[in-house]
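Heads up, the thing below is written out as structure tokens.
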Amino acid sequence: MRALVVRGGWEGHQPVAATELFLPFLASSGFEVRVCDTTAVYADAPVMAETDLIVQCVTMSSIERDEVAGLRAAVAAGTGFTGWHGGIADSFRASSDYLQLVGGQFATHPGKEPGARGGDETDNFLPHRIELTALGREHPITAGLGDFELTTEQYWVLHDDLNDVLATTTHPVRPWHPWRRPIVSPAVWTRQWGDGRVVVSTPGHSPDVLRDENVRTIVERGMLWAARTASAS
């Protein structure tokens, strides 16, 4: 089994440190791991054809048309595609083809009451709950886990009905926000794309969040579940 780790983009999500957390797990799970610091590899058809799993951590940034075409083709042919937080759900905002593949796009992460903000990233760190869906309580990625609490960025995600949602998070109504009813966003989802599987986990802003036992379990199980299956090889 071959895994391709693609990392880069906005440094605020610490793409190198974040992905390094999972390299030993991939190796111990039997993957031969290649790490790339550019999405140019997505346009390399021979490399993509032999890749069983892509782990992406590239926030924002841009992608060339032939690169996203190569990524979509590889996933449709059975290559698994997974990642966390902005590294997969806030990548390549200008590419509608990429957004369709992933099935969800970061819109915002609501912040604290204005008077409590200090001007750093913690302005957007809110206590919130990740709640498993009925599907999530049975799915191999999340089975056996319970609902859990985090204090970090809570992603508001634009999404569609092709996603199989394993966990959600609810944005409450607060006096300083303009919405007037609670908003439920998917927090963990899977998506079938041709013969390939896509897995997205929105928690994962920084390495400390990724070390949370629940988050790390979801990410690691997601890698194994997304990897090319025998029926897609």
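Here the structure is a predicted model, which means the values were calculated and not measured.
Under the salt bridge (Lys or Arg N to Asp or Glu O under 4.0 Å) criterion, R191 pairs with D160, sequence neighbours left out. Not counting sequence neighbours, H128 has no partner by the ring-ring contact (aromatic ring centres under 6.0 Å, His included) test. T38 pairs by the side-chain contact (heavy atoms from CB on, under 4.5 Å) definition with A40, not counting sequence neighbours.
In this structure, H85 and H13 have perpendicular ring planes: the angle between them is above 60°, well past the 30° mark.
At most 12 non-hydrogen atoms from other residues, nucleotides or ligands lie less than 6.0 angstrom from CD of E64. Within 6.0 Å of CG on D161 lie no more than 12 heavy atoms contributed by other residues, nucleotides or ligands. Other residues, nucleotides and ligands contribute only 12 or fewer heavy atoms inside 6.0 Å of the CD atom of E213.
To the nearest 0.5 Å, the span separating CG on N124 from OH on Y155 amounts to 10.0 Å. Here OG of S201 is found 10.0 Å from CE of M223. Values are rounded to the nearest 0.5 Å. Going from atom CD of E50 over to atom CE of M48 covers 11.0 Å, rounded to the nearest 0.5 Å.
No side-chain N or O of Q105 forms a donor-acceptor pair with one of Y98 less than 3.5 Å apart. Q56 and S91 are linked by a side-chain donor-acceptor pair at a separation below 3.5 angstrom, with hydrogens and angles left out of the test. Side-chain contact, T142 with R137: no donor N or O sits under 3.5 Å from an acceptor N or O.
The two residues A167 and T133 make their nearest non-hydrogen contact at N-CG2, 4.0 Å. Listed here is the closest heavy atom pair of V209 and G204: CG1-N, 3.6 Å. Taking each heavy atom of L210 and L21 in turn, the nearest pair found is CB-CD1, 3.9 Å. A pairwise comparison of heavy atoms in G103 and N163 identifies O-ND2, 2.9 Å as the closest pair. When all heavy atoms of Y42 and I63 are compared, the pair lying nearest together is CD1-CD1, 3.9 Å. Between V200 and A89, the shortest heavy-atom distance links the atoms CG1-CB, 4.3 Å.
Listed by first and then second residue, the salt bridge (charged side-chain N to carboxylate O under 4.0 Å, His left out) pairs that reach into residues 73-100 are D90-R93, sequence neighbours excluded. Sorted by first and then second residue, the salt bridge (charged side-chain N to carboxylate O under 4.0 Å, His left out) pairs involving residues 197-208 (not counting sequence neighbours) form an empty list.
At a threshold of 4.5 Å between side-chain heavy atoms, the hydrophobic network of Ile, Leu, Val, Met, Phe, Trp and Tyr places L71 and L4 in one connected group. Under the 4.5 Å side-chain heavy-atom criterion for ILVMFWY residues, a single connected hydrophobic cluster contains both W225 and L145. If you chain together hydrophobic residues whose side chains sit under 4.5 Å apart, L166 and V198 never meet in one group.
The aromatic ring centres of H205 and W84 sit 6.0 Å or more apart. No close placement of the H109 and F125 rings is indicated, their centers lying 6.0 Å or farther apart.
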L135 and V165: side chain to side chain contact (heavy atoms under 4.5 Å, CB included), yes or no, with the steps? CA-CA 7 Å; L135 175 62; V165 178; over 6 Å; no
Checking V5 against L26 for the side chain to side chain contact (heavy atoms under 4.5 Å, CB included) test, could you report, in this order, the C-alpha distance in whole Å, the side-chain angles of both residues, the deciding distance, and whether it holds? CA-CA 10 Å; V5 176; L26 288 168; 4.0 Å; yes
Give the C-alpha distance, both sets of side-chain angles, the deciding distance and a yes or no for side chain to side chain contact (heavy atoms under 4.5 Å, CB included) between I141 and W189. CA-CA 10 Å; I141 294 175; W189 70 87; over 6 Å; no
With side chain to side chain contact (heavy atoms under 4.5 Å, CB included) as the criterion, how do F106 and L158 come out once you've worked through the C-alpha distance, each side chain's angles and the decisive distance to 0.1 Å? CA-CA 6 Å; F106 162 81; L158 307 180; over 6 Å; no
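Using a distance-only test at 3.5 Å, with no hydrogens or angles considered, no donor-acceptor pair links the side chain of S61 to the main chain of V58. Looking only at distances, a side-chain donor or acceptor of Q154 sits under 3.5 Å from a matching main-chain atom of T170. Remark: side-chain polar atoms of E113 are paired, donor with acceptor, to backbone N or O of A116 under 3.5 angstrom. In this structure a side-chain-to-backbone donor-acceptor pair under 3.5 Å is missing from R174 to H171. Counting only distance, with no hydrogens or angles, the side chain of D52 and the backbone of R228 share no donor-acceptor pair below 3.5 Å. The main-chain N or O of T51 is found under 3.5 Å from a side-chain atom of T79 such that the two form a donor-acceptor pair. In this structure, the side chain of T202 engages the main chain of A187 through a donor-acceptor pair within 3.5 Å. A donor-acceptor pair under 3.5 Å is formed between the side chain of T82 and the backbone N or O of V199. In terms of modelled atom types and a separation under 3.5 Å, the side chain of K112 and the main chain of G118 share no donor-acceptor contact. T169 places a side-chain N or O within donor-acceptor distance of the main-chain N or O of R129, the cut-off being under 3.5 Å.
Residues V35 and L23 are in side-chain contact: their nearest non-hydrogen atoms beyond the backbone lie under 4.5 Å apart. Two residues are said to be in side-chain contact when any heavy atoms from C-beta on lie closer than 4.5 Å; N214 and L150 fail this criterion. Looking only at side-chain heavy atoms (C-beta outward), V219 and F25 stay at 4.5 Å or farther from each other.
Under 4.0 Å is where a charged nitrogen must lie from a carboxylate oxygen, and between D123 and R117 no such pair does. Here R7 pairs with E20 in a salt bridge; the nearest charged N to carboxylate O distance falls below 4.0 Å.
Other members of the cluster containing L126 do not exist, because no ILVMFWY side chain is joined to it at under 4.5 Å.
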